[in-house]
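Shown next, in structure tokens, is the structure this report addresses.
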Amino acid sequence: MKEHWLDEFVDLVLEKTKEHVVASGTSISGSAHVGNVADPLYAHAIAAEIRKRGGRAEALWIADDMDPLDSVPPPIPREFSKYLGMPYVDIPDPYRCCRSWAEHFTKEFLDAIEKLGLEIKYLSGASMYRDGTYLPWIKIAIERAERIRDILLRVSGTLKPSDWLPYMPVCENCGRVGTTYAYSFQGDRVLYRCDLDVGYAKGCGHRGERDIKEGRGKLQWRVEWAARWAALNVTIEPFGKEHAAAGGSYDTSKLIVKEVFGREPPIPLTYEHVMIGGRKMSKSRGNVFTPSQWFEVAPPQTLKFFLFRVHPMRHKDFRVEDLPNLVAEYERAERIYYGFEELQDAKLTSLARRNYELSQIGEPSPVMPIQLPYDFAVVLVQLYPNMDVKRLLEVLRLTGHLWREPSPEDLERLLTRLRHASTWVEKYAPESVKIKLLDDPSAVRDKISEKQREALAKAAELLLEREWGPNELNNRFFELSRSLGLAPSEFFEAAYLALVGRKSGPRLVNFIAAIGRERVAKHFLVAAGRGSALI
RNA sequence: GGGCCCGUAGCUCAGCACGGUAGAGCGCCCGGCUCUUAACCGGGUGGUCGCGGGUUCAAAUCCCGCCGGGCCCGCCA
């Protein structure tokens, strides 16, 4: 039986030991995009699966909030460039609702984590510097700076000066952490000068000293990562491929934790990034898609599904225009999970089931939810912008989607689907799925018979005559067709051609009510060759 | 300079760890459907599995080498 990649990975880690700490971490450089949730998502899923199999495991998510700001992402005002080089915890919240930049974006991220139902322990890098978690490891790192320098040279070819220390104090004068250079220490006090030019920021020239016990400084990234593993006993860590390149930060930190801190490095799970429309997500290019944007158009389960269904090492490409397809695939997996559908290949059936299960928040419900296909919802919201529950249920019954009495949860899901579809249509839908009237139906004239043209002209007269009730109008259409010796189907066909250029469409009288009888009448007249093309 | 991923139907992709008749969805074509037709329901069309070698009775799948595309590292995190 083919196993899901997650189960294979857990097989592997359980061979080593039954007790695990799964760490994940994210830089708090601004609003997170959908790709950023992969890190804690994988961490949570791994820990949960280990527990399910009788092991012990905890998942962690660490906000890298002591890192320096190295660029100001677009929606945030230019003035913020004065904070470049300062740690996120010391920068004000651009949106002014939280105490700091770090707090604001951490909250945003935690909100996504919660919506995805991830049980994961939140830790702040800055807090860990302040509360002494890192302290013993900072001491060791400073004392064995030479050994670390040697590893950096050996693994990544980076040559650091001989007085270099892997610690970066926050400058007392300018508050920057990215521009300080520590060159000496006495006990817990580190001597530094703030004179580095790191491209995005320049040091102020100040010289000073810092006590590492204050927690006003940080370790260099690769050393910090190793210290984190040592301090928190991390045994597993998912991370993006930027860390996985040969000579990259995993290679370096792996040696540091072994040779300097005397601990075993975690088992890595590296993953390829999420692309958007075939390109990398880039804040400066403005093509990012955030979890909250996702939750506006589709449920959190579908984001989990998107990330779980392919192996982490394969890159995932997200296209908002394709969202209805993704949701359809998710709901197909749902039908498979509940045994309503089966794939020819038993392996694929079991994978679909597993993907569905992993995408759930908590336990899957005992009965299959009532489904309203996304693309169908897209049609519905365009025809009936303010559809109520009663009408919705009537439609579902008519179209065979209602196979049992809906529960309150079903109703909520159905209404959510309508809301999502409507947002999607408004913000992202390609023109091709938008239901709209033909700009110029005059070409229809040559595609239909003289009788059909006559029927359209008469129907237009009816419409212009007065307002009709739906049933009344419907009956009129049938009478009209028959009186001309025309099969009603031929009339309907012509009507849809005149309106949307297709032979079929939504129930005609309702469609007319949605569009407005006068506009419809004009279309009918033009298609019948009885009116001007100017609509 | 180094690393990872991708290349399979017109499009989007599954299948590849462990070789055994090339798959799905969309599109396209054809046919149905009317006191109902909420773009529905049938059926069909579709492929040098990027290229070249190798291993094998047998390769989309394993190995080597190319080509094309994407991303990452070699600053900082």
Side-chain angles (χ1 to χ4, degrees), chain A residues 2-3 5 8 25-29 64 66-71 85 88 125 155-158 168 177-179 196-201 218 220-222 224-225 240-252 270-275 278-281 309-317 319 321-322 324-326 328-329 332 343-345 347-348 351-352 375-380 382-384 387 391 394-396 398-401 432-433 435 471 474-479 481-482 487-493 495-496 499-511 514:
Chain A
K2 173 152 178 134
E3 275 198 280
W5 64 262
E8 287 178 8
T26 307
S27 172
I28 300 301
S29 56
D64 289 326
M66 197 60 192
D67 292 357
L69 175 71
D70 62 2
S71 72
Y88 297 119
V155 180
S156 68
T158 312
M168 306 181 334
V177 73
T179 52
L196 295 181
D197 182 349
V198 287
Y200 56 86
K218 72 186 295 292
Q220 290 260 323
W221 162 242
R222 292 171 190 222
E224 178 179 280
W225 210 15
K241 66 155 162 190
E242 68 274 26
H243 300 300
S249 42
Y250 181 73
D251 277 359
T252 315
T270 63
Y271 56 85
E272 281 273 344
H273 292 160
V274 174
M275 314 277 279
R279 319 188 111 244
K280 70 172 212 158
M281 277 193 259
R309 69 185 174 148
V310 292
H311 192 280
M313 259 318 229
R314 296 177 60 120
H315 71 245
K316 295 146 280 276
D317 190 12
R319 287 165 202 270
E321 321 85 74
D322 278 347
N325 281 333
L326 177 68
E329 201 191 319
R332 187 185 196 192
L343 297 173
Q344 286 187 350
D345 189 333
K347 292 195 294 190
L348 296 182
L351 281 182
D375 51 3
F376 188 18
V378 163
V379 172
L380 290 181
Q382 292 185 80
L383 289 178
Y384 309 107
M387 188 179 237
R391 186 62 181 280
E394 191 186 312
V395 167
L396 290 176
L398 278 170
T399 51
H401 290 101
S432 59
V433 305
I435 297 178
N471 289 333
N474 200 37
N475 288 334
R476 288 293 178 135
F477 285 155
F478 276 87
E479 285 164 17
S481 308
R482 293 207 187 87
S489 64
E490 289 185 86
F491 164 73
F492 282 105
E493 208 167 273
Y496 290 119
L499 293 172
V500 290
R502 302 176 60 129
K503 286 191 195 168
S504 59
R507 186 178 154 89
L508 191 58
V509 289
N510 292 337
F511 196 28

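Order of the sequence lines fixes the chain letters, A, B, ..., with proteins taken first and strands second; residue numbering starts at 1 for each chain.
- The aromatic rings of A:Tyr250 and A:Trp225 sit perpendicular to each other, their planes meeting at more than 60°, with 30° as the lower class boundary.
- For A:Arg222, no side-chain nitrogen or oxygen approaches OP1 or OP2 of B:A77 to under 4.0 Å.
- Separation of the C1' atoms belonging to B:C75 and B:G52 is 40 Å when rounded to the nearest angstrom.
- The side chain of A:Asn475 sits closest to B:C35 out of B:C35, B:C72, B:A14.
- Place A:Asp67 and A:Leu380 on RNA chain B by their nearest nucleotides, and A:Leu380 ends up nearer the 5' end.
- When each of B:C76, B:C71, B:A77 is scored by its nearest atom to the side-chain atoms of A:Asp70, the top-ranked nucleotide is B:C76.
- A:Glu272 and A:His311 are not linked by any side-chain donor-acceptor pair at a separation below 3.5 angstrom, with hydrogens and angles left out of the test.
- Taking the six-membered ring where the residue is Trp, the centroids of A:Phe478 and A:Phe492 are separated by under 6.0 Å.
- In the set B:A77, B:C35, B:A17, the nucleotide with an atom closest to the side chain of A:Lys218 is B:A77.
- The same atom, C1', is picked in B:C67 and in B:C51; the two are 7 Å apart, to the nearest Å.
- In this structure, A:Gln220 reaches the sugar-phosphate backbone alone: every heavy-atom distance under 4.0 Å involves primed, P, OP1 or OP2 atoms, never a base.
- Between the CD atom of A:Gln220 and the NZ atom of A:Lys218 there is a distance of 7.5 Å, given to the nearest 0.5 Å.
- Base orientation for B:A60: anti, the chi torsion being more than 90° from 0.
- Residue contacts shown for A:Val379 include a base, since a base heavy atom lies under 4.0 Å away.
- The two residues A:Tyr88 and A:Asp70 come nearest to each other via the heavy atoms OH-N, 4.3 Å.
- Two residues, A:Ala244 and A:Asp322, neighbour RNA chain B, and the one matched to the more 5' nucleotide by heavy-atom proximity is A:Ala244.
- Whole-Å rounding puts the A:Lys241 NZ to B:C4 P distance at 10 Å.
- Remark: B:G44 base-pairs with B:C28. Criterion, Watson-Crick or G-U wobble with two distances under 3.5 Å.
- Of the listed nucleotides (B:C35, B:A38, B:G69), B:G69 has the atom at the smallest distance from the side chain of A:His315.
- With a cut-off of 3.5 Å on both pairing distances, B:C18 has no Watson-Crick or G-U wobble partner at all.
- Distance alone, capped at 3.5 Å, places no donor-acceptor pair between the A:Tyr271 side chain and the A:Arg314 backbone.
- Base pairing of B:C62: its partner is B:G54, meeting the Watson-Crick or G-U wobble criterion (both donor-acceptor distances under 3.5 Å).
- Straight-line distance between the C1' atoms of B:G15 and B:U55: roughly 22 Å, to the nearest whole Å.
- Nucleotides B:U45 and B:G2 place their P atoms 49 Å apart, quoted to the nearest Å.
- Distances were taken from every side-chain heavy atom of A:Thr158 (C-beta onward) to each of B:C6, B:C75, B:C72; the shortest belongs to B:C75.
- With both ends at atom P, the span from B:C63 to B:C16 equals 14 Å, rounded to whole Å.
- When each of B:C71, B:C13, B:A77 is scored by its nearest atom to the side-chain atoms of A:Met275, the top-ranked nucleotide is B:C71.
- With both ends at atom C1', the span from B:G19 to B:G1 equals 37 Å, rounded to whole Å.
- Dashed line: the shortest gap from a side-chain N or O of A:Arg332 to OP1 or OP2 of B:A24 is not under 4.0 Å.
- Annotation: B:U48 and B:G32 have their C1' atoms spaced 38 Å apart (nearest Å).
- The gap from the C1' atom of B:A58 to that of B:G69 amounts to 32 Å, rounded to the nearest Å.
- Of the candidate nucleotides B:A77, B:C5, B:A38, B:A38 has the atom lying nearest to any side-chain atom of A:Phe376.
- Counting any heavy atom pair closer than 4.0 Å across all strands shown, A:Tyr496 reaches a base atom.
- The side chain of A:His273 lies closest to B:C72, out of B:C72, B:G15, B:C4.
- Looking at heavy-atom distances under 4.0 Å, A:Met66 makes no contact with the nucleic acid at all.
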